[in-house]
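Beneath this line is the structure, given in structure tokens, with notes to follow.
This is a predicted model, so every value here is computed, not measured.
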Amino acid sequence: MNLFSLCWKPFGPDGENHETNGVLGGGAGTTGGSREGKDGLLWFRDIGKYGSGEFSMAVVQANQVLEDQSQIESGQFGTFVGIYDGHGGPEAARYVCDHLFSNFRAITAESHGVVTAETIQRAFRQTEEGFTTLVSELWGSRPNMATVGTCCLVGVIYQQTLFIASLGDSRVVLGKKVGNTGGMAAMQLSTEHNANIEAIRHELKELHPNDPQIVVLKHGVWRVKGIIQVSRSIGDLYMKHAQYNREPINAKFRLPEPMNMPLLSANPTIISHPLHPSDSFLIFASDGLWEHLSNEKAVDIVHSHPRAGSAKRLVKAALQEAARKREMRYSDLQKIDKKVRRHFHDDITVIVLFFNHDLISRGAVQDPPVSIRSALEH
């Protein structure tokens with residue numbers, strides 16, 4: 001099974017110059033001398049080019065079925081990066097990876113290619129509505145689809161502006177040059193929606209003033225209704241619509257009292273960041289990385305090594321830390337197979353984007369368009 005699939009796709013409305021470039025991880029379709037490979041449960045692409053610079057990408061699997069999905073899309077419209085950390089199963093993350101970018105492209109086409117926070121918000125809303133329709137259609141045969149969901153972290157580079165949209169607890173950190181010191185500061189750009197964060201608990205209590213059980217501490221972890229840590233997601237319809245919080249879904253997901261309003265939201269937090277020449281790179285990652293590495297440590301690892309292999313290096317650093325916490329060697333952790341591996345760490349996805357400010361300042365985009373998706377075939 002190949003993790004990375006790469007194809008060069010047209011982004012223009014008439015679809016000219018369509019060229020397919022094979023599969024990453026399978027030896028075919030290598031570009032620009034970049035190296036793709038597999039090391040046990042770790043897949044990686046060391047370096048590649050996108051519209052505004054270079055990227056590095058890596059994924060390690062821990063669950064029986066990989067629940068993380070991710071993509072890089074780049075063309076004349078700009079660049080779109082997505083990391084989708086699924087929970088309860090892979091279906092919601094796969095659906096978002098299949099539909100969010102195409103919804104975004106269709107919506108931006110309506111506004112003649114102009115990207116705003118509103119166009120990104122609409123793409124999220126349309127994707128949530130589409131997944132809700134799918135769950136409704138499958139309720140009779142696959143009711144547990146109502147209990148799967150996904151965090152979504154999206155970055156869009158449009159002209160000289162970076163937009164970040166987030167649902168859940170994936171994170172993007174900017175590596176920013178500090179004057180002429182040669183140092184690199186870590187600046188978190190995304191907002192996390194996790195009940196373990198005090199501000200999120202406060203937000204939930206304000207939204208649900210009549211529910212003393214809206215957040216519950218269980219086994220040292222704060223959860224919405226004692227069930228789920230994230231407060232925003234695509235999917236998780238059993239926490240949004242009363243019609244899906246009933247038999248035959250698993251009893252652990254069913255609430256004892258009626259739901260009169262959605263408990264989770266699919267409304268992303270969106271920020272815009274004008275790109276500055278001191279902005280060096282972005283690290284996008286699912287929370288599996290940040291459980292083991294601080295923002296500063298991750299930025300230091302990228303800054304103090306060659307660009308090639310940056311994402312893989314971050315994943316390995318997180319795995320080494322996960323092994324150290326369990327007083328075991330990294331080499332022994334590597335021998336543990338998927339599913340059992342989940343007791344030691346989560347699925348981890350990392351995408352590092354490096355900026356070429358010469359291209360960005362000129363409003364130029366490198367050709368050809370790129371469409372890369374890291375996902376087990378499904």
Hey, what do you get for [atom1] ([X]) to [atom2] ([Y]), rounding to the nearest 0.5 Å?
| X | Y | atom1 | atom2 | value |
| --- | --- | --- | --- | --- |
| His357 | Leu275 | NE2 | CG | 6.5 Å |
| Asn210 | Lys205 | CG | NZ | 14.5 Å |
| Thr127 | Phe101 | OG1 | CZ | 12.0 Å |
| Lys252 | Ile227 | NZ | CD1 | 10.0 Å |
| Leu138 | Met145 | CG | CE | 5.5 Å |
| Leu314 | Thr349 | CG | OG1 | 12.5 Å |

> Under the side chain to side chain contact (heavy atoms under 4.5 Å, CB included) criterion, do Lys339 and Asn63 qualify, and how do the steps go?
Replying inline: CA-CA 5 Å; Lys339 190 176 181 180; Asn63 286 293; over 6 Å; no

Heavy atoms of other groups near [X] [atom1], more than 12 under 6.0 Å:
| X | atom1 | value |
| --- | --- | --- |
| Arg329 | CZ | no |
| Lys325 | NZ | yes |
| Glu198 | CD | no |

>> Determine whether Phe284 and Val352 satisfy the following criterion, side chain to side chain contact (heavy atoms under 4.5 Å, CB included), listing intermediate values before the conclusion.
In response: CA-CA 6 Å; Phe284 294 84; Val352 183; over 6 Å; no

So do [Y] and [X] actually touch side chain to side chain, heavy atoms under 4.5 Å?
| X | Y | value |
| --- | --- | --- |
| Gln243 | Trp139 | no |
| Phe281 | Val299 | yes |
| Arg223 | Val215 | no |
| Ile164 | Val154 | no |
| Leu319 | Val315 | yes |
| Leu263 | Leu204 | no |
| Val156 | Thr79 | no |
| Cys151 | Ser170 | yes |

Between [X] and [Y], which heavy-atom pair has the shortest distance, and what is it?
| X | Y | answer |
| --- | --- | --- |
| Ile234 | Ala92 | O-CB, 4.3 Å |
| Ile348 | Ala318 | CD1-CB, 4.1 Å |
| Val216 | Lys225 | CG2-C, 4.2 Å |
| Leu153 | Val172 | CD2-N, 3.8 Å |
| Thr147 | Asp236 | O-OD1, 3.9 Å |
| Pro268 | Ala165 | CB-CB, 4.3 Å |

> Is Arg105 positioned over the aromatic face of Phe77, cation under 6.0 angstrom from the ring centre and no more than 45 degrees off axis?
Replying inline: yes

> Is the charged tip of Arg326 near the ring of Phe344: under 6.0 Å from the six-membered ring centre and within 45° of its axis?
Replying inline: yes

[Y] versus [X], side-chain donor and acceptor atoms under 3.5 Å:
| X | Y | value |
| --- | --- | --- |
| Ser52 | Asn356 | no |
| Asn194 | Asn196 | yes |
| Glu73 | Tyr50 | no |
| Ser190 | Ser166 | no |
| Asp85 | Ser286 | no |
| Thr269 | His193 | yes |
| Gln188 | Asn295 | yes |

What I want to find out is whether [X] reaches [Y] closely enough, with some N-O distance under 4.0 Å, to be called a salt bridge.
| X | Y | answer |
| --- | --- | --- |
| Asp98 | Arg373 | yes |
| Arg307 | Glu54 | yes |
| Asp46 | Lys312 | yes |
| Asp39 | Lys316 | yes |

Linked, directly or transitively: [X] and [Y] (ILVMFWY side chains, under 4.5 Å):
| X | Y | result |
| --- | --- | --- |
| Phe124 | Val114 | yes |
| Phe131 | Ile107 | no |
| Ile83 | Ile271 | yes |
| Tyr330 | Ile301 | yes |
| Val115 | Leu100 | yes |

Looking only at atom types and distance, does a side-chain atom of [X] sit under 3.5 Å from a main-chain N or O of [Y], one as donor and one as acceptor?
| X | Y | value |
| --- | --- | --- |
| Ser136 | Thr132 | no |
| Arg341 | Ile336 | yes |
| Arg45 | Phe55 | no |
| Trp222 | Arg201 | no |
| Ser233 | Thr150 | no |

>> The test is side chain to side chain contact (heavy atoms under 4.5 Å, CB included); show your working for Val148 and His87 and say whether it passes.
In response: CA-CA 6 Å; Val148 302; His87 45 260; over 6 Å; no

>> Testing Glu67, Gln71, Gln69 one by one against Tyr84 for a side chain to side chain donor-acceptor pair (under 3.5 Å), which residue passes?
In response: Gln71

> Only one of Glu192, Glu128, Glu203 clears salt bridge (Lys or Arg N to Asp or Glu O under 4.0 Å) with Arg232; which?
Replying inline: Glu203

>> Run Phe355 and Leu174 through side chain to side chain contact (heavy atoms under 4.5 Å, CB included) and show every step you take.
In response: CA-CA 11 Å; Phe355 295 123; Leu174 172 68; 4.2 Å; yes

>> Could you check whether Phe80 and Phe104 have their ring centres less than 6.0 Å apart?
In response: yes

>> Holding to side-chain hydrogen bond (donor to acceptor under 3.5 Å, both in side chains), I want the full list of residues that pass it with Asp279, two or more places apart in sequence or in another chain.
In response: Lys176, His273

> Is the His241 ring parallel, tilted or perpendicular to the Tyr244 ring (thresholds 30°, 60°)?
Replying inline: perpendicular

>> As a quick check of understanding, evaluate salt bridge (charged side-chain N to carboxylate O under 4.0 Å, His left out) for Arg142 and Glu137, giving each step before the final call.
In response: CA-CA 9 Å; Arg142 295 182 63 194; Glu137 290 168 353; over 6 Å; no

